[in-house]
4 protein chains.
Amino acid sequence: MARPRSEDKRQALLAAAVRVITSRGLGAPTARIAQEAGVSNGTLFLYFPTKAALFNELYLDLKSAMSSASLANLPREAALKLQLEHLWSGWLGWAAAHPEERRALELLGVSDDLTAEVRQKGHELMTEVAVLLDRSRQGGPLTDAPLAYVMALMNAVAETTIGFLQADPEAAADHQRRGFEALWRLVA
Amino acid sequence: MARPRSEDKRQALLAAAVRVITSRGLGAPTARIAQEAGVSNGTLFLYFPTKAALFNELYLDLKSAMSSASLANLPREAALKLQLEHLWSGWLGWAAAHPEERRALELLGVSDDLTAEVRQKGHELMTEVAVLLDRSRQGGPLTDAPLAYVMALMNAVAETTIGFLQADPEAAADHQRRGFEALWRLVA
Amino acid sequence: MARPRSEDKRQALLAAAVRVITSRGLGAPTARIAQEAGVSNGTLFLYFPTKAALFNELYLDLKSAMSSASLANLPREAALKLQLEHLWSGWLGWAAAHPEERRALELLGVSDDLTAEVRQKGHELMTEVAVLLDRSRQGGPLTDAPLAYVMALMNAVAETTIGFLQADPEAAADHQRRGFEALWRLVA
Amino acid sequence: MARPRSEDKRQALLAAAVRVITSRGLGAPTARIAQEAGVSNGTLFLYFPTKAALFNELYLDLKSAMSSASLANLPREAALKLQLEHLWSGWLGWAAAHPEERRALELLGVSDDLTAEVRQKGHELMTEVAVLLDRSRQGGPLTDAPLAYVMALMNAVAETTIGFLQADPEAAADHQRRGFEALWRLVA
DNA sequence: CATGAATGAGCGTTCATTCAT
DNA sequence: GATGAATGAACGCTCATTCAT
């Protein structure tokens with residue numbers, strides 16, 4: 001199926017989906033997403049074959065944005081701890097700046113209609129992060145654990161921290177620091 | 001006079017809900033839950049006024065089961081680390097033994113129709129756990145963090161570990177130990 | 001089917017039906033009627049085989065009460081106009097004193113589940129009224145019309161008048177008099 | 001672009017509602033109305049947001065048709081009695097020609113889900129009729145009665161007459177004349 | 001007899017998806 | 001390509017009626 005022309009509409013639909021998912025959950029009608037994007041309900045199905053397909057694409061979109069934000073300007077020559085801290089800061093910064101995207105990502109993550117394949121691709125988007133984490137844990141207490149487990153742990157600590165960060169923006173810096181130190185204690 | 005309302009049926013409905021939610025998600029039809037429980041669809045609404053009410057009750061039920069399993073036979077005179085390890089083991093043991101309940105709990109936890117009040121009651125079920133964790137972190141690096149944050153961290157590490165535990169039962173003991181050590185590094 | 005014992009419960013159910021129909025319409029659940037009568041839902045079906053049967057019986061009950069009130073203490077030796085006026089006053093008095101019964105009667109009257117047979121019996125309850133009306137119209141402009149038509153006209157004028165009487169109790173006496181004069185102009 | 005909403009289907013739905021209401025009462029399923037109109041059940045809700053909304057619109061539709069038929073070709077320069085007789089004839093003629101619409105109107109009139117606002121609009125549709133009736137009763141016995149009461153009386157006589165008219169079409173002309181004379185005796 | 005738990009057909013309404021324009 | 005009308009399966013919930021206690 002050749003991709004329809006307007007990249008603008010595609011993006012508008014994805015952005016609308018984020019807003020609608022945040023406010024109404026995954027059960028929100030596609031018609032509402034289309035409306036929010038300023039196109040007709042039929043048009044949504046011109047850009048995405050099914051609602052589930054839209055969700056899958058959105059998941060990758062958001063995951064990719066999050067990953068990019070984490071890796072932007074990574075000081076690849078600096079000490080590992082500094083690199084990891086930079087990554088941490090990029091990650092949490094993105095989350096703090098995009099609460100709706102974060103919430104949508106969270107909901108999509110547990111959704112039934114997320115394909116195994118897409119979930120896999122989502123992991124691949126984190127490859128570079130995984131590499132850095134892998135290097136960081138060398139010699140540490142989790143050296144022998146599956147890397148996926150260590151990644152999942154980092155993810156869990158990040159999600160938890162982000163939740164508190166968003167609930168109490170005043171103490172955001174404190175939480176960010178505390179979260180990183182906790183992470184560092186875990187791996188190093 | 002007249003048949004009394006059957007506690008068995010209540011429990012059958014809750015148990016059926018767990019199975020159906022696990023396999024079909026929260027969007028599963030109430031009719032399917034009733035069928036799975038061996039009663040008519042109308043009967044479900046005799047025991048629970050709405051689908052949401054069923055979900056709310058189920059959430060507390062599962063949370064309570066999980067909490068009980070964690071606290072059973074807690075050696076209250078032993079060293080804190082030992083107590084926490086016991087709790088950890090009870091928790092993960094329950095999760096390993098009840099994968100469907102775990103999955104249902106996870107889905108219910110993010111559900112829109114979970115009442116704030118029920119969420120609150122869910123936290124209260126964990127009070128004793130929180131107290132133990134609070135004592136464990138005294139003097140440690142998270143002494144000054146909000147207790148809720150520390151609880152959330154423990155929860156995140158537990159959930160993550162459980163996920164791997166269920167995916168690879170062979171290495172369950174390893175994961176359980178590694179998870180606990182990670183937790184202990186976080187708080188103590 | 002032998003009639004169950006307690007005439008009290010029967011009456012309680014009929015009275016409850018009046019109240020419930022008035023406030024919730026004919027679509028009101030039988031369970032609500034039973035509750036209002038202070039018996040269990042099952043018991044209602046011990047006294048009336050179906051909801052429709054209850055409605056049919058109630059219709060006759062109310063029609064009969066209305067007819068009795070109209071005919072009470074009729075001065076059978078007085079002039080026809082006086083007798084008719086007495087009847088009119090009894091009728092409207094009953095309606096004014098029993099607004100709920102009146103409303104229920106009105107709703108039942110247009111209901112689908114009123115049997116033709118019961119409707120017929122309802123007419124028979126008005127036989128004595130019809131006789132008086134028949135004598136009153138002799139020699140008047142409606143002498144040649146079917147008596148049923150004249151009865152229906154009287155009924156229509158009465159219903160209309162009662163409606164206004166209930167809406168504006170202050171002017172009740174005025175309306176009652178005006179209504180009677182209108183009726184008399186119609187028939188005599 | 002896209003097919004426009006079809007006025008035909010709207011009308012088909014309203015007409016179908018008349019037929020279905022006549023045969024099954026107001027409790028008739030919306031699905032049946034849709035089927036009778038030759039559209040899918042979902043389509044009904046594209047044209048009317050709820051079943052009640054459909055009923056409200058239908059009520060106004062029918063009331064308006066009845067009013068138009070009554071006022072068509074009114075000889076506004078003729079004597080009042082002639083004008084009223086013309087109106088009477090138009091009214092009863094419409095009713096005789098549209099027995100199903102008449103029955104539907106009757107049922108809708110006592111329905112619970114008729115809005116106060118719509119009821120009010122229904123009265124407004126009869127304004128011109130009311131004006132003519134008001135002029136007719138001047139100097140007569142009902143000069144001092146509320147006009148609404150006089151209207152209601154006329155309506156009651158009309159409804160009653162229509163009932164007999166439909167039951168015995170042979171004698172329709174007789175009934176129509178008798179009914180008008182009765183009305184005239186009431187007001188003039 | 002009385003109770004109220006149990007039943008299951010039935011209803012109004014929603015919504016992902018298709019298709020005529 | 002874009003639109004939005006059209007579709008119909010599906011859902012949560014109600015309620016008259018039956019029947020075990």
Side-chain angles (χ1 to χ4, degrees), chain A residues 2-6 9 27-35 38-55 113, chain B residues 1-6 8-10 27-35 38-54 113, chain C residues 2-6 9 27-35 38-55 113, chain D residues 1-6 8-10 27-35 38-54 113:
Chain A
R3 268 287 124 74
R5 306 293 148 76
S6 163
K9 279 183 185 153
T30 52
R32 183 137 182 98
I33 297 175
Q35 184 194 43
V39 302
S40 78
N41 59 10
T43 296
L44 187 151
F45 290 91
L46 224 48
Y47 286 83
F48 305 93
T50 64
K51 192 189 193 185
L54 164 60
F55 281 179
D113 37 40
Chain B
M1 26 188 113
R3 177 168 14 175
R5 221 171 276 196
S6 150
D8 278 6
K9 276 183 187 143
R10 246 190 98 75
T30 52
R32 182 135 183 93
I33 296 176
Q35 185 192 41
V39 302
S40 80
N41 57 10
T43 296
L44 187 151
F45 293 93
L46 178 62
Y47 286 86
F48 305 94
T50 62
K51 191 190 193 187
L54 165 60
D113 40 39
Chain C
R3 268 289 124 75
R5 305 293 148 74
S6 164
K9 279 184 186 153
T30 52
R32 182 139 183 97
I33 297 176
Q35 183 194 41
V39 303
S40 77
N41 59 9
T43 296
L44 186 150
F45 291 92
L46 224 49
Y47 286 83
F48 305 94
T50 63
K51 191 188 194 187
L54 164 60
F55 281 179
D113 38 39
Chain D
M1 30 189 108
R3 182 169 9 177
R5 222 173 274 197
S6 150
D8 278 7
K9 277 184 186 141
R10 248 190 96 76
T30 52
R32 182 136 184 93
I33 296 175
Q35 184 192 42
V39 301
S40 81
N41 58 8
T43 295
L44 186 150
F45 292 93
L46 178 62
Y47 286 86
F48 305 95
T50 62
K51 191 189 194 187
L54 165 61
D113 39 38

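Quick note on labels: first sequence line is chain A, next is B, and so on, each numbered from 1. None of the values given here were measured: they were computed from a predicted structure.
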Whole-Å gap separating P (E:dT17) and CG (A:L44): 9 Å

A:D113 CG to E:dA16 P, straight-line distance once rounded to whole Å: 11 Å

Residues which pass side-chain hydrogen bond (donor to acceptor under 3.5 Å, both in side chains) with A:T30, listed by chain and number, not counting sequence neighbours: none

From CZ (A:F55) to CD1 (A:I33), nearest 0.5 Å: 5.0 Å

Rounded distance (Å) that lies between atom P of F:dT3 and atom CD of A:Q35: 13 Å

Which residue lies more 5' along DNA chain E, comparing A:A52 with D:T50 via nearest heavy atoms: D:T50

Spacing between C:F55 atom CZ and F:dC15 atom C1', to the nearest angstrom: 13 Å

Base-contact (B) and sugar-phosphate-only (S) positions in nucleotides 6-11 of chain F, heavy-atom cut-off under 4.0 Å, - elsewhere: SBBB-S

Separation of E:dT14 C1' from A:R32 CZ (nearest whole Å): 15 Å

Between P of E:dC19 and CZ of A:F45, the distance in whole Å: 13 Å

Check: B:R5 side chain, B:L46 main-chain N or O, donor-acceptor pair, under 3.5 Å: yes

B:Y47 (side chain) donor-acceptor with B:L54 (main chain) under 3.5 angstrom: no

Least distance between heavy atoms, A:A34 atom then A:N41 atom: CB-CA, 3.7 Å

Dot-bracket encoding of pairs in DNA chain E, which uses [ ] for pseudoknotted crossings and | for another strand, Watson-Crick or G-U under 3.5 angstrom: .||||||||||||||||||||

